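What follows is one structure encoded as structure tokens, with my remarks underneath.
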Amino acid sequence: EMTYNSLVNACLYQGLLDMASVLFEEMKKENHLPNIVTYTNLINAYGKAGDLRNAMYIFKEMKDKGRVPNVWTYNALLKAHARRGFLEEAYGLYEEMECAGCLPDLCTYNIILDMYGRAGCFDELEKIYQEILINRITPNQVTYNTLLDAYSKNGHSGKALDILEKMIKAGCRPDVWTYNILLTSTGKEGNIIEAGQLYNDMKEAGHLPNIVTYTAMISIYGRNGLIQEAETLWMEMQSAGCLPNLFTYCGMIDCYAHHGMCKE
RNA sequence: UCCCAUCUCAU
């Protein structure tokens with residue numbers, strides 16, 4: 001039974017959802033009851049795949065079999081709905097968890113904040129943020145990054161700066177994600193110099209750029225015809241031991257394609 | 001109050 005749980009979870013960890021579900025079914029046929037971690041991981045995997053139907057099915061099944069969903073389970077299901085844009089359903093789950101005696105944690109709130117941010121529902125977002133404070137939960141880096149991303153993506157750069165200030169005042173150090181969010185939105189607004197400045201600030205603050213940073217910067221330069229700069233970063237990235245991924249290649253190819261350099 | 005799973009960024 002422990003072996004089955006481990007096998008299913010190992011498959012999920014490797015992204016082998018199909019294999020995991022085969023083992024999961026086999027496990028049940030042999031009358032082993034999957035544990036809550038296994039159920040939660042499966043819900044997560046289906047959620048990531050955008051497969052709400054199966055995520056919900058697993059959730060129902062676990063309840064039928066007497067496994068009691070915990071915060072992690074609800075968070076997984078919540079995120080699955082949030083990412084598909086099912087705001088009402090997600091909020092329903094949030095209320096359901098309260099009824100089930102399952103207290104929302106900061107992850108729960110972060111997921112909901114992210115959901116409203118993506119949807120551009122700022123009134124709801126503010127309401128949730130207040131709820132966090134009322135419940136005397138201390139926002140963490142993820143919370144601030146989520147808020148920053150929500151506001152800066154929607155053109156509210158002034159509000160985003162307020163958040164950043166709040167974050168720092170609260171003693172929460174901006175991390176790589178924070179910088180990535182800031183430089184991406186700054187670049188999209190056409191402030192290329194400022195984006196480059198943020199990139200330098202980040203390094204000076206002792207943060208190593210990651211693949212997301214490089215991809216964002218390369219794309220910013222590429223969109224603005226600064227091919228040299230994009231190429232320089234491309235090489236800098238490799239010498240830093242950071243390998244380009246599909247996102248990075250797309251950024252670089254776009255850069256060349258939009259400036260009549262198809263050969264490259 | 002053993003161990004394992006959940007939240008935010010780039011094309």
Side-chain angles (χ1 to χ4, degrees), chain A residues 2 5-13 20 34-48 55 62 67 69-80 82-83 90 93-94 97 102 104-118 125 128 132 137 139-153 160 163 167 172 174-188 195 198-199 202 207 209-223 230 233 237 242 244-258:
Chain A
M2 278 321 283
N5 281 312
S6 307
L7 277 174
V8 173
N9 289 324
C11 287
L12 291 174
Y13 184 78
N35 68 22
I36 186 158
V37 174
T38 301
Y39 273 117
T40 302
N41 284 343
L42 264 172
I43 290 173
N44 252 315
Y46 281 120
K48 269 195 192 138
M62 76 181 281
R67 287 287 192 218
N70 62 15
V71 201
W72 304 61
T73 318
Y74 275 106
N75 286 350
L77 204 57
L78 207 49
K79 186 184 165 187
R83 284 300 172 105
L93 279 166
Y94 167 64
M97 69 191 285
C102 189
D105 64 6
L106 187 53
C107 285
T108 315
Y109 288 113
N110 288 341
I111 292 167
I112 299 175
L113 286 175
D114 182 53
M115 170 176 87
Y116 285 136
R118 284 173 197 280
L125 182 140
I128 297 295
I132 294 177
I137 296 174
N140 64 8
Q141 280 176 323
V142 174
T143 313
Y144 288 112
N145 287 341
T146 305
L147 293 173
L148 264 180
D149 191 47
Y151 282 110
S152 58
K153 263 209 179 81
I163 308 277
M167 174 177 191
C172 228
D175 61 5
V176 181
W177 289 59
T178 316
Y179 282 102
N180 288 345
I181 290 164
L182 291 174
L183 62 85
T184 299
S185 65
T186 304
K188 287 219 169 106
L198 280 163
Y199 175 74
M202 166 179 166
H207 298 291
N210 62 18
I211 185 65
V212 175
T213 319
Y214 287 118
T215 305
M217 287 306 298
I218 287 171
S219 306
I220 290 167
Y221 287 137
R223 276 195 299 268
L233 259 178
M237 172 181 76
C242 198
N245 61 18
L246 262 182
F247 290 102
T248 327
Y249 275 108
C250 283
M252 200 67 220
I253 290 170
D254 265 4
C255 165
Y256 286 134
H258 282 116

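Reminder, nothing fancy here: chain letters follow the sequence lines and each chain counts from 1. These figures come from a predicted structure and were not determined experimentally.
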Subject >> Options B/U11, B/C9, B/C7, nucleotide nearest the side-chain atoms of A/Asp254 >> reply: B/U11

**OP:** Would you kindly give the CG-to-C1' distance between A/Leu182 and B/C9, to the nearest whole Å?
**Re:** 10 Å

Original post:
For A/Leu93 and B/C7, what is the distance between atoms CG and C1' respectively, to the nearest whole Å?
Top reply: 16 Å

Subject >> ring centroid sep under 5.5 Å plus plane angle under 30, A/Tyr249 with B/U11 >> reply: no

Original post:
Tell me: CG of A/Leu183 to P of B/U8, nearest whole Å?
Top reply: 19 Å

Original post:
Can you tell me how far C1' of B/U6 sits from CG of A/Asn35, to the nearest Å?
Top reply: 15 Å

Subject >> Nucleotide nearest A/Trp177 when distance is taken to its side chain, options B/A10, B/A5, B/U8 >> reply: B/U8

**OP:** Nearest whole angstrom, please: distance from the P of B/U8 to the CG of A/Asp105.
**Re:** 13 Å

**OP:** Using the aromatic ring of A/Tyr214 (for Trp, its six-membered ring), decide whether it stacks on the base of B/A10 within the limits of 5.5 Å and 30°.
**Re:** no

**OP:** Tell me what A/Lys48 touches on the nucleic acid: a base, only sugar-phosphate, or nothing, going by heavy atoms under 4.0 Å.
**Re:** nothing

Subject >> Proximity to the side chain of A/Trp72 - top-ranked nucleotide from B/A5, B/U8, B/U11 >> reply: B/A5

Original post:
Of all the nucleotides listed (B/A5, B/U11, B/C9), which has the minimum atom distance to the side chain of A/Asn41?
Top reply: B/A5

Subject >> Among B/C9, B/A10, B/C7, the one nearest A/Val142 by side-chain distance >> reply: B/C7

**OP:** Could you check whether the rings of A/Tyr109 and A/Tyr94 sit parallel, tilted or perpendicular, using 30° and 60° as the cut-offs?
**Re:** perpendicular

**OP:** Can you tell me the distance, in whole Å, between the NZ atom of A/Lys188 and the P atom of B/A10?
**Re:** 6 Å

Original post:
Nearest to the side chain of A/Asn145 - B/U8, B/A5, B/U11?
Top reply: B/U8

Subject >> Short side-chain N/O contact from A/Arg67 to OP1 or OP2 of B/A5, under 4.0 Å >> reply: no

**OP:** Tell me what A/Thr146 touches on the nucleic acid: a base, only sugar-phosphate, or nothing, going by heavy atoms under 4.0 Å.
**Re:** sugar-phosphate

Original post:
If you look at every strand shown and take non-hydrogen atoms under 4.0 Å, does A/Asn70 touch a base, only sugar-phosphate, or nothing?
Top reply: base

Original post:
When the distance from CD1 of A/Ile211 to P of B/U11 is rounded to whole Å, what number comes out?
Top reply: 13 Å

Subject >> Rounded distance in Å - CG (A/Asn180) to C1' (B/C9) >> reply: 5 Å

Original post:
Do you know which two heavy atoms are closest between A/Ser219 and A/Gly251, and how far apart they sit?
Top reply: OG-CA, 3.8 Å

**OP:** Please determine, for the side chain of A/Thr184, which listed nucleotide (B/A10, B/A5, B/U8) has the closest atom?
**Re:** B/A10

**OP:** Give a yes-or-no answer on whether the side chains of A/Thr146 and A/Asn110 include a donor-acceptor pair shorter than 3.5 Å.
**Re:** no

Subject >> Shortest side-chain distance from A/Val212, nucleotide among B/C9, B/U8, B/U11 >> reply: B/C9

**OP:** Examine the side chains of A/Asp175 and A/Thr178 and answer whether a donor and an acceptor come within less than 3.5 Å of each other.
**Re:** yes

Original post:
Does B/U8 have OP1 or OP2 sitting under 4.0 Å from an N or O in the side chain of A/Arg83?
Top reply: yes

**OP:** Please examine the side chains of A/Ile181 and A/Lys153, heavy atoms only from C-beta on, and report whether any two atoms are closer than 4.5 Å.
**Re:** no

**OP:** Looking at every strand, decide which applies to A/Asn245 at a 4.0 Å heavy-atom threshold: base, sugar-phosphate, or nothing.
**Re:** base

Original post:
Would you say a side-chain N or O of A/Lys79 is under 4.0 Å from OP1 or OP2 of B/C7?
Top reply: yes

Original post:
Within a strict 4.5 Å, meaning less than it, do heavy atoms of the A/Asn245 and A/Thr248 side chains meet?
Top reply: yes

